[in-house]
Asks: 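Got a structure for you, questions after.
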Amino acid sequence: MTAKSQSATLVSLAGLDGAGKTTQAALLARWLTDGGHHAALEAPPGPSLVRRTLTDLASERGIADHYDVFGPDATHLVTTFMRYRDWTERVLPALATHQWVVTDRSAVCHYAAARTDGATNEADLRLVLGRLPRPDLIIYLEVPPEEAHRRLTERSSGLERLDSLRANDRAYRELPEFACFEVVPGTGSVEQVQERLRGVLRRRFPARWSEAS
């Protein structure tokens, strides 16, 4: 596994599409920065290049699901290598120069997605992503699939089927890593959820928090 700076704390969010991972990660990084911490954020906006390309290909070929263009195994392997590239180019350098690094996703999101889509190569995905540093804390934003589906429908972007969201929630909970997640309710206002996340950081890393006080 790739080593990371001993002084850096890596916090990653996990959860369903529509749980608010990207929004909350950005707010958390900003809060840390405003509080005097040297914090970096890894939360690319919008669907990835792979997702957009596969969606276009599926549309051109009259295929309903973008995973069916090349199959779930090939699709998840490609997205895994893209995540590996993103982290080696941005997260690893940030870990060496910052006190905190906040990401809106991590390897566990790929494993849960692969299980959701029926991929059979989770061992291969773990072989690749296992080379990346493990987060010091993974926060699972717990949002009922029905609520996540409502949010996605309202913003009309990255729309997922309700049955897929339910399957993804089950997949997360079946991961061996889930027992170590910090599960935080993702319902309520953005401000309410953000305050819960801040409380988790204060509780889990009291020494790191006092360094900037």
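What you see is a predicted model, and the numbers here were worked out from it, not measured in a lab.
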Asks: Please give the remaining members of the hydrophobic cluster of L127, linking ILVMFWY side chains under 4.5 Å, ordered by chain and number.
Replies: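 Traced through the cluster, L127 reaches no other member.
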Asks: Would you mind listing every side chain to side chain donor-acceptor pair (under 3.5 Å) that reaches into residues 104-114, with sequence neighbours excluded?
Replies: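 Every side chain to side chain donor-acceptor pair (under 3.5 Å) pair that includes a residue of residues 104-114, provided the two are not neighbours, is T22-D104, R83-H110.
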Asks: I'd like to know if the side chain of K21 reaches the main chain of G15, judged simply by a donor and an acceptor atom lying under 3.5 Å from each other, with no hydrogens or angles considered.
Replies: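 Between the backbone of G15 and the side chain of K21 there is a qualifying donor-acceptor contact (under 3.5 Å).
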Asks: Test question: given the 4.5 Å side-chain rule for I, L, V, M, F, W and Y, name all other residues clustered with V190, or answer none.
Replies: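 In the cluster with V190 are L27.
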Asks: Looking at S189, is its backbone amide N or carbonyl O close enough to the side chain of Q192 to form a donor-acceptor pair, meaning the two atoms are under 3.5 Å apart?
Replies: yes
Asks: Counting only N and O atoms by type, is there a donor-acceptor contact under 3.5 Å from the side chain of N121 to the main-chain atoms of D73?
Replies: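 Yes; judged by distance alone, with no hydrogens or angles, the pair exists.
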Asks: Between I63 and F70, is there a shared hydrophobic cluster once you connect ILVMFWY residues whose side-chain heavy atoms come closer than 4.5 Å?
Replies: yes
Asks: Let me know which of I139, L197, D136 forms a side-chain contact (heavy atoms from CB on, under 4.5 Å) with V11.
Replies: I139
Asks: Does any N or O in the side chain of R151 come within less than 3.5 Å of the main-chain N or O of G18, such that one atom is a donor and the other an acceptor?
Replies: yes
Asks: Salt bridge or not between R196 and E142? Use side-chain N to carboxylate O under 4.0 Å.
Replies: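 E142 and R196: not salt-bridged.
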Asks: Identify whether W87 and L95 are in the same connected component of the hydrophobic contact network (ILVMFWY, side-chain heavy atoms under 4.5 Å).
Replies: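 Yes, W87 and L95 fall within the same hydrophobic cluster.
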Asks: Suppose the criterion is ring pair (Phe, Tyr, Trp, His ring centres under 6.0 Å): which pairs have a residue in residues 175-203, not counting sequence neighbours?
Replies: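 Output for this query lists Y140-F178, F178-F181.
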Asks: Which distance, rounded to the nearest 0.5 Å, do you find between the CG of L16 and the CG of D169?
Replies: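 If I round to the nearest 0.5 Å, the distance is 5.0 Å.
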Asks: Has Q194 got a side-chain atom pairing as donor or acceptor with L28's backbone, closer than 3.5 angstrom?
Replies: yes
Asks: Which label fits W100 and F205: parallel for a plane angle under 30°, tilted from 30 to 60°, or perpendicular past 60°?
Replies: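 It falls in the perpendicular class, over 60°.
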Asks: Between the main-chain N or O of T103 and the side-chain N or O of E42, is there a donor-acceptor pair closer than 3.5 Å?
Replies: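 Absent.
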Asks: Would one find more than 12 heavy atoms of other residues, nucleotides or ligands at under 6.0 Å from atom CZ of R150?
Replies: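 Yes, because the 6.0 Å sphere around CZ of R150 holds more than 12 heavy atoms from other groups.
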Asks: Using only atom types and a distance under 3.5 Å, with no angle test, would you say the side chain of S59 pairs donor to acceptor with the backbone of T55?
Replies: no
Asks: Are I138 and V143 connected in a single hydrophobic cluster, I mean Ile/Leu/Val/Met/Phe/Trp/Tyr linked by side-chain heavy atoms less than 4.5 Å apart?
Replies: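 Different clusters: V143 never reaches I138 through Ile, Leu, Val, Met, Phe, Trp or Tyr contacts under 4.5 Å.
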Asks: Any side-chain heavy atom of R90 within less than 4.5 Å of one from P44?
Replies: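 Counting from C-beta outward, R90 and P44 do come under 4.5 Å.
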Asks: Could you pull out all residues at least two apart from R126 that satisfy salt bridge (charged side-chain N to carboxylate O under 4.0 Å, His left out)?
Replies: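 E122, E177.
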Asks: Return the set of residues passing side-chain contact (heavy atoms from CB on, under 4.5 Å) with P93 (not counting sequence neighbours), or none when no residue passes.
Replies: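 Not a single residue meets the side-chain contact (heavy atoms from CB on, under 4.5 Å) criterion with P93.
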Asks: Roughly how far, to the nearest 0.5 Å, is the OG1 atom of T80 from the CG atom of L129?
Replies: 4.5 Å
Asks: Please report the shortest heavy-atom distance between A112 and L175, naming the atom on each side.
Replies: CB-CD1, 4.1 Å
